[in-house]
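Basis for what follows: all heavy atoms, side chains included, without hydrogens, waters or symmetry-related copies. So that the names make sense, note that chain A is the first sequence line, chain B the second, and so on, each numbered from 1.
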Amino acid sequence: GAVVSQHPSWVICKSGTSVKIECRSLDFQATTMFWYRQFPKQSLMLMATSNEGSKATYEQGVEKDKFLINHASLTLSTLTVTSAHPEDSSFYICSARYGANYGYTFGSGTRLTVV
Amino acid sequence: GNSVTQMEGPVTLSEEAFLTINCTYTATGYPSLFWYVQYPGEGLQLLLKATKADDKGSNKGFEATYRKETTSFHLEKGSVQVSDSAVYFCALRYSSGGYNKLIFGAGTRLAVHP
C-alpha cells in the first residue's frame, strides 16, 4: 500500500519551454505532498510542500513563479518547471504523507535535462 | 539549524562483509531519525526509524541506534548481500510551518560484489 507514481521518469526539453511532472497517489488520499530536487551526489533538497486545495508553501530560495505546484485533488500533485533553463536540469522527486503515523512514501523521480 | 551528514560513497564490499554507514545530525529539539534506501530505478523506501534517544531501529538485518550523546544514527549490517546494493539516505524529521518535514543526507552508494 501507499504507492506514489511519478511521471515521466525522464524528460528532455529545450530551453524556454515548460515541463510538467505528475505525482499520483495510487491507493490512498494524499492530503500533503512534498517536492524535492536532487543534484548529482548531493542530498534531496525540499522545494515545497503542497496541500490539496490550497497554495503550496515554498522553501526559502525556491522561485514560486519558476516552479509551479498544483495540488487540485487528493490523488494528484503536479510540478511545472516554467521557462526551463539548463541550470534547472536535475532529479525531481515527489513524496506524500500517509497513515496515522505520518509515514512518507516517495515517487521514483524524474530526471529533467534542459538543452 | 537542522542538518544531516553521512559518509561519502561509494562503499564497495564483498558479499557477507560487515557494513557501517556513518550518519551524524544537528537539530534543535529531539528529532525522529530515519534510514531510507533507493534501489536503481525506484523511489526511496523507508528502511528503519527511531523516534527517541537509545531507540534501535531494525529491518532486513539492518540496524541503527539513536545516540543523542554523539548525535549519530549509524547504519550497520552484519553480512551484506548483493541485493543490498543501493543508495542509502539518512534523514531527520523536524517541524516547520505547521508541517513535519524531512531533511536528508547526501546519500551513500553501496555496491556489494559476489
Side-chain angles (χ1 to χ4, degrees), chain A residues 1-10 21-26 30-52 54-62 71 91-111, chain B residues 1-11 21-27 31-52 55 57 59 73 86-111:
Chain A
V3 175
V4 167
S5 176
Q6 184 173 345
H7 292 283
S9 55
W10 62 270
I21 301 169
E22 292 189 348
C23 184
R24 293 182 184 273
S25 57
L26 299 185
T31 306
T32 303
M33 286 191 173
F34 304 89
W35 286 95
Y36 294 86
R37 181 174 181 177
Q38 185 181 26
F39 292 100
K41 299 184 180 180
Q42 295 187 30
S43 62
L44 282 73
M45 302 300 297
L46 180 64
M47 299 173 65
T49 303
S50 72
N51 268 326
E52 182 267 336
S54 62
K55 290 185 178 179
T57 303
Y58 290 82
E59 297 298 304
Q60 194 172 8
V62 177
H71 194 162
F91 194 61
Y92 295 87
I93 302 174
C94 68
S95 172
R97 198 177 65 179
Y98 71 96
N101 293 323
Y102 296 127
Y104 300 87
T105 184
F106 290 80
S108 54
T110 298
R111 180 156 311 278
Chain B
N2 301 302
S3 67
V4 175
T5 302
Q6 61 182 103
M7 61 187 288
E8 286 189 29
V11 174
I21 300 178
N22 290 338
C23 172
T24 57
Y25 68 91
T26 58
S32 294
L33 301 174
F34 304 81
W35 276 100
Y36 282 86
V37 58
Q38 185 177 31
Y39 298 102
E42 298 183 18
L44 275 72
Q45 302 173 26
L46 178 63
L47 181 60
L48 53 85
K49 67 178 181 182
T51 58
K52 60 183 188 296
D55 265 4
N59 185 26
F73 193 53
V87 181
Y88 293 82
F89 293 90
C90 184
L92 69 81
R93 185 173 65 198
Y94 67 102
S95 292
S96 174
Y99 296 104
N100 285 326
K101 301 177 181 179
L102 291 174
I103 186 168
F104 290 87
T108 302
R109 183 174 298 278
L110 170 66

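By the 6.0 Å contact criterion, CD on E8(B) is open, its count of non-hydrogen atoms from other residues, nucleotides or ligands being 12 or less. For M45(A), the CE atom sits in a loose shell: 12 or fewer heavy atoms of surrounding residues, nucleotides or ligands are nearer than 6.0 Å.
Taking the six-membered ring wherever Trp is involved, the centroid distance between the rings of Y36(B) and Y104(A) does not fall below 6.0 Å.
With a 4.5 angstrom heavy-atom cutoff, L44(B) touches chain A via backbone and side-chain atoms both. Looking at Q38(A), the atoms closer than 4.5 Å to chain B (heavy atoms on both sides) all sit in the side chain, from C-beta outward. If you measure heavy-atom distances from Q38(B) to chain A, the contacts under 4.5 Å come from the side chain alone. Using a 4.5 Å cut-off between heavy atoms, L44(A) touches chain B through backbone and side chain atoms alike. Of the two parts of T32(A), only the side chain, counted from C-beta on, holds a non-hydrogen atom closer than 4.5 Å to a non-hydrogen atom of chain B. Interface remark: F39(A) contributes no atoms to any contact with chain B (heavy atom separation under 4.5 Å).
When side chains are defined from C-beta on, F34(A) counts as touching K101(B), because their heavy atoms get closer than 4.5 Å. Considering only heavy atoms from C-beta on, L46(A) stays 4.5 Å or farther from L102(B) through its side chain.
Pairing each heavy atom of G105(B) with each of S43(A), the nearest pair is O-CB, 2.8 Å.
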